[in-house]
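Quick notes on the structure that follows.
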There are 2 protein chains.
Amino acid sequence: AVVDNGVDFANYFCTYAFLYHQKEMLSDRVRMDCYYNAIFKNKHHFLGKTVLDVGTGSGILAIWSAQAGARKVYAVEATKMYEHARELVKANNLEHVVDVIGGSMEDVTLPEKVDVIISEWMGYFLLRESMFDSVIYARDRWLKPTGVMYPSHARMWVAPVRSRLVDQKMNDYEGAMDDWFSFVNETKTYYGVDMSVLTKPFTEEQRKYYLQTSQWNNLHPEQVIGTAAIVKEIDCLTATVSDVLDVRANVSSSIVEENTRLCGFGGWFDVHFRGRDEDQTKHEIELSTAPSADYGTHWGQQVFLFYPPVRASKGDKLNVSFAMDRSKENHRLLEVEFGCEITQSSGGLPPPMKKKFYIE
Amino acid sequence: AVVDNGVDFANYFCTYAFLYHQKEMLSDRVRMDCYYNAIFKNKHHFLGKTVLDVGTGSGILAIWSAQAGARKVYAVEATKMYEHARELVKANNLEHVVDVIGGSMEDVTLPEKVDVIISEWMGYFLLRESMFDSVIYARDRWLKPTGVMYPSHARMWVAPVRSRLVDQKMNDYEGAMDDWFSFVNETKTYYGVDMSVLTKPFTEEQRKYYLQTSQWNNLHPEQVIGTAAIVKEIDCLTATVSDVLDVRANVSSSIVEENTRLCGFGGWFDVHFRGRDEDQTKHEIELSTAPSADYGTHWGQQVFLFYPPVRASKGDKLNVSFAMDRSKENHRLLEVEFGCEITQSSGGLPPPMKKKFYIE
Ligand SMILES: Nc1ncnc2c1ncn2[C@@H]1O[C@H](CSCC[C@H](N)C(=O)O)[C@@H](O)[C@H]1O
Ligand SMILES: Nc1ncnc2c1ncn2[C@@H]1O[C@H](CSCC[C@H](N)C(=O)O)[C@@H](O)[C@H]1O
């Protein structure tokens, strides 16, 4: 698929050009601690080595890599943020180590291949933004055959959840539709035009917006009512773009709560820093965005809600089919289809559910 | 300036493709009543005539034109909304009169010239969105020499205002900066990186966002503390694109309230439906977006705030310089510079103010 660069900048890169947005990521302590520890507890991977930071943003990972002893760090950033990264590198006296390069990863040329590629490329539910494509591109072109990836592995998880969002969104949707019907009446009465033919497309538009768009949420672990399952595992050293173009999985889950409401599914990811088989990290670090009582991340979880929610209870088995594809209109957005069959511990078999969602 | 169509769609047209957004405009009773009356109180301009609706959206103005007796109406719409417009036309049994044409005004070909061009092209503070360019284009190419424009005239107004928004935005800004300084401290303490070099660009970014971006507001007439002045008059029949590329004016205003706060300026517009000199409307209609106690419009007013506000009182004279240009980054957005000299009725001469604003 050919991507228009101007459109990609208008739709995607624009937010990253704001320090405000970079600061949000830099204020995510879970994220920061993991990358910090991944680097400083594994200095042997950086000492005297060459490093490429794909999408350096403010320059933070490049600076840490240099502080951990890298000989040379190439820090590539597509937006104007690279100017700030360059300032930051200088203010921290690392301009002799870190080369900040303004441009798309796909367009820049480095003077040498590198020992380490570090990048914080993860979007909502891991793959939103499709930035991993650029990391794969960088790896295939610039990583030495012996090089390591930071992070080295990634996983996507789903689990059944309960959430009052299901009621709230349904209320919002019903409110919008009530509004619509008054509007149709008034337009007919006052302005002599019958808009009722638009009720169907308006309903579809509003259903998509309120009921079929996944919701950002920081779930509490207690809202996870069944066992979580992995729907995708990625080895960052070997994965290809076609491996991440779509995701298909059939998984099962058991409800672990008595008498509860199955409102839908939560989706999240984790990544690991393990180095490569022949050259492992000394301390394996995990960055998890799973529901947590104490430590939320800016990624939160994506919540996919079913209407209406169904009763579920301990021991019920879920057979879940999961399919994720890129949106045809915007390759950085995602579409997900969840199917779910329930086998109740009581022996009951409610009708199977199937639903399409948009990750916007 | 060459405009990339894909980028323009990503930045501008996208919202108009939603029925939700069309409905917002269709629910603006002030707007609707004015266009409705302009058409139905001036049926002589439509009866048996050919009409072009530039940017028909849902199709409402085209349908009214047909209901008022037009022989043929060409309804041009750039977004996918044209499909809904076509359905609506059909459902109202006007498909023999209204031809809905999907495409940009600049790209479509009509089978004939028209007697009337109708369009609702006005953005915030009249010229935001720069859609009037497309109306000019349509007029020069498709309006008969004897044709009329609906609306026929437009004016931009400014007036001194008081508003608590000035305190709120200053608070927001100060909160954001407090946050920044804690962030800089924490990043130094926990992560060994000194971010203080970014304080200056971050401050600029936040000042622009909180203090230099004009605010949408529905002002109460009592918040207007001085006489309003016209900064631009447009004759839709003769105006050229270069006439609206920038706006320059020096105007004066008198404060009419005792002991008040001058917090900045409000900006709004009105348009009139007068036909043309040789072929006038029978009932002149005015659509005003001025501050009103009873009837707000979805345009509201744009508020341009000065920090800090200054004391002002009855009889103080303001000498106001106004300059508006299109944003270099996005030709549909605007940049405004306000200058203000105050001559107090007490004889005092506070220091003159000058400030740059962005209409986003
Ligand atoms: N193909 C590409 N080439 C260069 N930069 C890219 C890119 N795709 C995304 N980016 C940049 O990658 C960054 C991802 S956000 C992470 C920023 C920084 N590494 C940190 O950890 O804080 C954004 O600034 C984005 O503009
Ligand atoms: N150059 C152009 N060609 C075609 N349509 C355009 C255009 N510029 C803007 N538009 C469309 O013009 C509409 C303006 S909003 C007004 C919609 C409708 N006439 C009404 O009064 O309710 C939008 O739907 C927008 O997509």
Side-chain angles (χ1 to χ4, degrees), chain A residues 4-12 14 17-23 26-27 29 32-33 35-36 40 58-60 63-64 67 81 83-85 87-94 176 179-180 182-184 186-187 190-206 209 330, chain B residues 4-12 14 17-24 26-27 29 32-33 35-36 40 58-60 63-64 67 83-85 87-94 176 179-180 182-184 186-187 190-206 209 330:
Chain A
D4 179 317
N5 267 318
V7 175
D8 211 25
F9 261 84
N11 276 329
Y12 170 63
C14 50
F18 288 96
L19 282 166
Y20 178 81
H21 187 64
Q22 297 286 341
K23 172 173 170 281
L26 296 167
S27 304
R29 297 291 297 263
M32 291 289 275
D33 285 347
Y35 273 87
Y36 186 84
F40 288 100
S58 62
I60 187 73
I63 288 173
W64 284 342
Q67 288 174 337
M81 191 50 57
E83 294 174 358
H84 298 311
E87 286 301 306
L88 196 63
V89 164
K90 226 171 126 187
N92 286 271
N93 303 311
L94 293 166
D179 237 46
W180 171 262
S182 328
F183 163 76
V184 169
E186 287 182 15
T187 309
Y190 296 112
Y191 303 114
V193 178
D194 181 358
M195 296 253 164
S196 53
V197 69
L198 298 181
T199 297
K200 192 161 164 266
F202 184 78
T203 306
E204 276 166 27
E205 188 185 295
Q206 298 294 297
Y209 180 73
N330 180 341
Chain B
D4 179 318
N5 267 321
V7 175
D8 211 27
F9 260 85
N11 277 328
Y12 171 64
C14 51
F18 288 95
L19 283 165
Y20 178 81
H21 186 66
Q22 297 285 342
K23 171 173 171 283
E24 273 183 349
L26 296 167
S27 304
R29 296 291 294 265
M32 292 290 275
D33 285 349
Y35 273 88
Y36 186 84
F40 288 100
S58 62
I60 187 74
I63 289 173
W64 283 343
Q67 288 175 337
E83 293 174 0
H84 298 311
E87 285 302 306
L88 195 63
V89 164
K90 224 170 129 189
N92 287 271
N93 302 311
L94 293 167
D179 237 47
W180 171 262
S182 329
F183 163 75
V184 169
E186 287 181 16
T187 309
Y190 296 113
Y191 302 115
V193 178
D194 182 358
M195 296 253 166
S196 52
V197 69
L198 298 181
T199 298
K200 192 161 164 265
F202 185 78
T203 306
E204 276 166 26
E205 189 185 294
Q206 297 295 297
Y209 181 73
N330 182 340

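Note that the coordinates shown come from a computational prediction; the quantities given were computed from them, not determined experimentally. Chain naming here is simple, since letters A, B, ... match the order of the sequence lines and numbering starts at 1 in each.
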I'd like to know if the side chain of Glu87(B) reaches the main chain of Val197(A), judged simply by a donor and an acceptor atom lying under 3.5 Å from each other, with no hydrogens or angles considered. no
Quick check on Gln206(A) against chain B: is it the side chain, the backbone, both or neither that has a heavy atom closer than 4.5 Å? side chain
Name the member of Gln22(B), Glu186(B), Arg29(B) that forms the most heavy-atom pairs with chain A at distances under 4.5 Å. Arg29(B)
Is it the case that over 12 heavy atoms from other parts of the model lie below 6.0 angstrom from the CZ atom of Phe40(B)? yes
Taking every non-hydrogen atom, the tightest pair across His84(B) and Pro201(A): CE1-CB, 3.3 Å
Using heavy-atom distances under 4.5 Å, tell me whether Trp64(A) contacts chain B through its side chain, its backbone, both, or neither. side chain
So for Tyr20(A), is it side chain, backbone, both, or neither that comes closer than 4.5 Å to the heavy atoms of chain B? both
Ser58(B) side, atom OG; Met195(A) side, atom CE - distance, nearest 0.5 Å: 4.5 Å
Chain B: which of Val193(A), Thr187(A), Ile60(A), Val7(A) shares the most heavy-atom pairs with it under 4.5 Å? Val193(A)
Side-chain (Glu205(B)) to main-chain (Leu19(A)) donor-acceptor, under 3.5 angstrom: yes
Return the option, out of Leu94(B), Asp33(B), Asn92(B), Asn330(B), with the maximum number of heavy-atom pairs under 4.5 Å with chain A. Asn92(B)
Checking heavy atoms, do the side chain of Phe18(A), its backbone, both or neither come under 4.5 Å from chain B? both
What residue, out of Tyr190(A), Tyr191(A), Phe202(A), has the most heavy-atom pairs lying under 4.5 Å from chain B? Tyr191(A)
At what distance, to the nearest 0.5 angstrom, does CG of Leu198(B) lie from CE of Met81(A)? 8.0 Å
